[in-house]
Amino acid sequence: MIVREHFDRDLRHLQDEILRMGSEVEENLVTAVDALRARDLKRSQRVIEADHWINQRQLTLNMEALTLIATQQPTAKDLRLIAAVMNIANELERIHDYAKGIGRISLMMNSDPIPPELMAEFPEMAAKTGSMLHRALDAFINRDDALARAIPAEDDIVDELFNKALKKMTEAFMHNLTSYEDINRLGWANHNLERSADRVGNICEWVGYMITGKFEEYM
Amino acid sequence: MTNTVHSNGHIAIQANNMHVYYGNFRAVKDITLQFPSHQISALIGPSGCGKSTVLRSFNRMNDLVATARVEGEVLYHNHNIYDASVDPVEVRRHIGMVFQKPNPFPKSIYENVAWGARVNGFKGNMDDLVESALRQAALWDEVKDKLDQSGYSLSGGQQQRLCIARTIAVKPEIILMDEPTSALDPVATLKIEELIQELKKSYTIIIVTHNMQQAARASDYTAFFNMDEDRAGYLEEYNETNELFTNPKNELTEQYITGRFG
């Protein structure tokens, strides 16, 4: 007999759900930026609508995790996995809020066309953050402590792009290139992308804790 | 292997390279363990791993088994309690024991508590001693109006608290508990666990439990024992309970506490 077969199956289910949720978040972050730049309001709308699903996933995952704590008395690795799942689900939900925010911004933009150079850094920021997230979840599934530890340093690249975009927005504002409101909105989109990468760093820290039993701040 | 835990206080009792034999069979091998004062330490492990044998070695209860033999030393106040000069009865006065099944004497509640003190020639006010012991055992309010009734008239949980009061009444320094709640229902179990938390202010407590959640809930330190291929019990890991249950160092401990053992 395999001991605790049902419990193991429930734990696998939690991890599968994190992967599902994570890939949706990764995809929607990139989509939100694409739709903003392409002025594809339908796609922006879809990212906004997907947020409800993500919120539901987060809630369900947390409830399932709490049920396992209440009914299975998890300890050691099992307990740390459950703690990681709950926290990663919360971080993913927040990252998706940022994607949704970019969707909202897209719907609110007045200018047509928006000066493209103001959004020139966004695709790379989204792609970089998406890639970090993807590998953070690889580290989660493969129990790869070294990978989890290595990823957060890449946040520097996103920060650099953030500063570059911010500088352009400041200049655009000074030279009246486009409306103040729109520059402000793009500033928020820039902020959302920068914060998303930070939250991937948080995910990495929980992955590290899950594997080693020690919580360390990587950033 | 970790067998020394860091605590600010001093050590109440310690085993150094202790082996216990029953005849030719070595039941427990090479135990080195320190128990901090005024802390609750739990001994856990699979059936037959020797945790009860280890517990009983700490107040020479194994002397009552004709074939039992202890090697190594058990230090209590820097004295080896197995020295030839040591009187085991005196050891048990300082290091009391509470058993798995409540075992009150067929006497009144009052006499159950007074008995040990009387045997030890207690000269003070017996009423005060009985009340104080019953209060410490969180039983006073339930029995104060029927002290002359038989100990057997109490519920299982109350009987166990009566046995704890009886142990306390001889003013020991250390209380050993051998699965003290395994015969009790969940509510009575939690009452005993609460009581143990109170008692640690005055006593050092070492508890053997089959119930891992009990060790996790109720103890400060946990020692995990396992059995070798020769069926001798040994200490696999010893650490602060919080650490042992969230981040055990040894794979076998991990398997045992996560329920994937064997």
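First the proteins, then the strands, lettered A, B, ... as listed; each starts at 1.
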Between B:R260 and A:F7, is any pair of side-chain heavy atoms under 4.5 Å apart? yes

Count the heavy atoms belonging to other residues, nucleotides or ligands that lie under 6.0 Å from CD of B:E173, then report whether that count exceeds 12. yes

Can you sort out the partners of B:R135 under salt bridge (Lys or Arg N to Asp or Glu O under 4.0 Å), two or more places apart, ordered by chain and number? B:E131

Which residue pairs pass the salt bridge (charged side-chain N to carboxylate O under 4.0 Å, His left out) test when at least one of the two sits in residues 210-223 of chain B, sequence neighbours left out? B:E193-B:R217, B:K200-B:D220

If you count every heavy atom of other residues, nucleotides or ligands that lies below 6.0 Å from B:Q197 atom CD, does the total exceed 12? yes

Is B:D230 atom CG crowded by more than 12 heavy atoms from other residues, nucleotides or ligands, each under 6.0 Å away? yes

Would you please go through residues 76-104 of chain A and name the residues with a non-hydrogen atom below 4.5 Å from one of chain B, in numerical order? A:A76, A:K77, A:D78, A:L79, A:R80

I'd like to check the side-chain hydrogen bond (donor to acceptor under 3.5 Å, both in side chains) partners of A:K214; sequence neighbours left out, ordered by chain and number. B:E243

Atom CG in B:N247, atom CZ in A:F215: separation rounded to 0.5 Å? 14.0 Å

Taking atom CD as the centre, does A:E49 end up with more than 12 heavy-atom neighbours from other residues, nucleotides or ligands that are less than 6.0 angstrom away? yes

